[in-house]
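Working notes for the structure below.
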2 protein chains.
Amino acid sequence: MDAEQEPRWLDAVEQQTWFELIAVMSWLPDALDAQLSRDADISHFEYQVMAMLSMSAQRTRRMSDLAALANGSLPRLSRTIDRLDRRGWVTRRPDPDDGRATLAVLTDAGWEKVVATAPGHVAEVRRLVIDPLTKAQVRQLHEIANRIRHAVQPDACLPTLPAPDGP
Amino acid sequence: MDAEQEPRWLDAVEQQTWFELIAVMSWLPDALDAQLSRDADISHFEYQVMAMLSMSAQRTRRMSDLAALANGSLPRLSRTIDRLDRRGWVTRRPDPDDGRATLAVLTDAGWEKVVATAPGHVAEVRRLVIDPLTKAQVRQLHEIANRIRHAVQPDACLPTLPAPDGP
DNA sequence: AACAAATGCTTGACAGCGCAAGTATTCATC
DNA sequence: GATGAATACTTGCGCTGTCAAGCATTTGTT
């Protein structure tokens with residue numbers, strides 16, 4: 001019933017790296033929540049949900065797709081949509097193609113909330129993550145995070161960017 | 001009252017990198033919690049607290065030091081110590097040097113719990129983070145995480161490693 | 001066509017965390 | 001050496017998240 005035999009411990013560099021990563025994973029989400037909570041009175045997850053809707057066709061997504069896109073569980077999304085609905089930023093519609101499914105739709109007020117909130121949030125992301133790094137490090141981080149993500153969640157999906165400038 | 005004027009948006013690479021990082025920050029903590037919860041019936045934060053104590057002189061730390069070391073708030077640590085105390089892995093002692101302070105001490109049973117849990121946890125960290133990366137990428141991640149951490153928490157402290165082999 | 005299994009979402013019960021207030025001890029000042 | 005401010009920790013309360021159960025709809029089977 002034992003699976004471990006002579007575990008491969010982390011060497012000094014690996015251990016240091018691990019502690020650094022733990023620290024970032026602990027503090028960065030709190031910092032993002034703090035900025036959004038202070039300046040826009042929403043959580044980072046709530047922002048993420050609305051941002052994903054704002055990038056979607058018809059500003060609409062099925063609940064389960066939206067949950068995956070925003071990296072949250074379905075119950076968590078359901079309750080988040082409750083809150084956003086109460087504030088008038090999102091509404092629910094039954095999916096005409098599948099009676100079991102529910103569509104979340106960003107309202108006009110929700111769109112404006114995202115537009116008003118985005119600049120401050122992007123500035124914070126720049127300040128905390130992008131600007132402290134060199135351009136080369138940003139590319140390195142892209143590849144590193146991609147590898148870790150695949151190890152953690154082999155079948156996770158990333159939002160398909162709406163081709164900001166190019167075709 | 002406006003602070004934003006023509007925000008500097010993220011370019012495609014920066015945006016992709018940001019989404020990758022969000023995904024990792026969302027899923028990796030859950031994956032660590034899942035392994036520890038499944039194999040050792042403790043949360044990652046609880047493990048972190050005990051691991052930090054196990055590295056400390058006399059297996060003892062002041063609550064506030066321990067909270068900073070484990071990247072948590074003092075109320076969070078206080079309640080975590082409650083739970084670990086109830087399970088017999090940690091005890092509280094008043095600090096003889098400062099009557100306000102409380103010392104958390106890892107018991108023998110707690111030490112054994114860490115020893116029993118560490119191999120499986122390290123294996124998971126390897127599987128999810130270290131092994132998917134090249135040696136160069138581990139070094140890159142170290143520097144990248146260090147820069148982000150300083151931007152997020154200028155005065156954060158990292159555990160001083162007990163010089164695993166060298167002096 | 002009818003029934004069972006699977007899918008998509010919601011919800012009740014419960015646990016954990018943060019905030020702010022509370023308590024106890026130490027430090028600083030006069 | 002008293003009194004007020006500061007520090008260290010704990011705790012009551014509310015919010016949010018997870019887990020498991022529940023309900024409705026669709027799909028697959030006979």
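The sequence lines fix the lettering, A, B, ..., with proteins before strands; numbering per chain opens at 1.
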Report task. Please determine, by modelled atom types, if B/S73 and B/R76 share a side-chain donor-acceptor pair under 3.5 angstrom. Result -> no
Query raised in the report: Within 45 degrees of the axis of the six-membered ring of B/W111 and under 6.0 Å from its centre: does B/R59 put its NZ or CZ there?
Result: yes
Query raised in the report: A/R79 near the nucleic acid: base, sugar-phosphate alone, or nothing, with a heavy-atom cut-off under 4.0 Å?
Result: base
Query - Atom pair distance, as rounded to whole Å: CZ in A/R76 and P in C/dT10 - result: 16 Å
Requested in this report: Specify the separation, in whole Å, of atom CZ of B/R92 and atom P of C/dA24.
Outcome: 16 Å
**Report entry** Minimum heavy-atom distance between B/M63 and B/S78, given as atom pair plus value
**Finding:** CE-CA, 3.8 Å
**Report entry** Atom pair distance, as rounded to whole Å: CE in A/M63 and P in C/dG8
**Finding:** 13 Å
Query raised in the report: Starting at the 5' end of DNA chain D, which residue's closest nucleotide do you reach first, A/P96 or A/F45?
Result: A/F45
Query - Nearest-neighbour nucleotide for the A/R62 side chain, D/dC9, C/dC17, C/dG8 considered - result: C/dG8
Requested in this report: To the nearest Å, give me how far apart CG (B/L84) and P (C/dG16) are.
Outcome: 11 Å
Query raised in the report: So among A/T107, A/L106, A/V49, which one has a side chain to side chain contact (heavy atoms under 4.5 Å, CB included) with A/V90?
Result: A/L106
Query raised in the report: What does B/D98 touch in the nucleic acid at a heavy-atom separation under 4.0 angstrom: a base, only the sugar-phosphate, or nothing?
Result: sugar-phosphate
Query raised in the report: Expressed in angstrom and rounded to an integer, what is the separation of A/R61 atom CZ from C/dC9 atom P?
Result: 13 Å
Requested in this report: Could you work out which one of C/dT7, D/dT18, C/dC9 sits closest to the side chain of A/S73?
Outcome: D/dT18
Query raised in the report: Which comes earlier along DNA chain C counting from the 5' end, the contact point of B/T80 or that of A/L103, where each point is its nearest nucleotide?
Result: A/L103
Report task. Using a 4.0 Å heavy-atom cut-off across all strands, classify A/S43 as base, sugar-phosphate, or nothing. Result -> nothing
Query raised in the report: Given D/dA6, C/dC17, C/dG8, which nucleotide is nearest the side-chain atoms of B/R100?
Result: D/dA6
Query raised in the report: Atom CG of B/L77 and atom P of D/dC9: how far apart are they, to the nearest Å?
Result: 9 Å
Query raised in the report: Between D/dC9 and B/S64, is there an OP1 or OP2 to side-chain N/O distance shorter than 4.0 Å?
Result: yes
Query raised in the report: C/dG16, C/dG18, D/dT25: which one has an atom nearest the side-chain heavy atoms of B/R83?
Result: C/dG16
**Report entry** Interatomic distance, A/D85 CG vs C/dC9 P [rounded to whole Å]
**Finding:** 16 Å
Requested in this report: Test side-chain contact (heavy atoms from CB on, under 4.5 Å) on A/T102 and A/R93 and set out the steps.
Outcome: CA-CA 6 Å; A/T102 302; A/R93 300 208 315 105; over 6 Å; no
Query raised in the report: To the nearest Å, how far apart are B/L74 CG and C/dA21 P?
Result: 17 Å
**Report entry** Candidates C/dG8, C/dC9, D/dT11 - which lies nearest the side chain of B/P75
**Finding:** D/dT11
Query - Residue whose closest nucleotide on DNA chain C lies nearer the 5' end, A/S78 versus B/G99 - result: A/S78
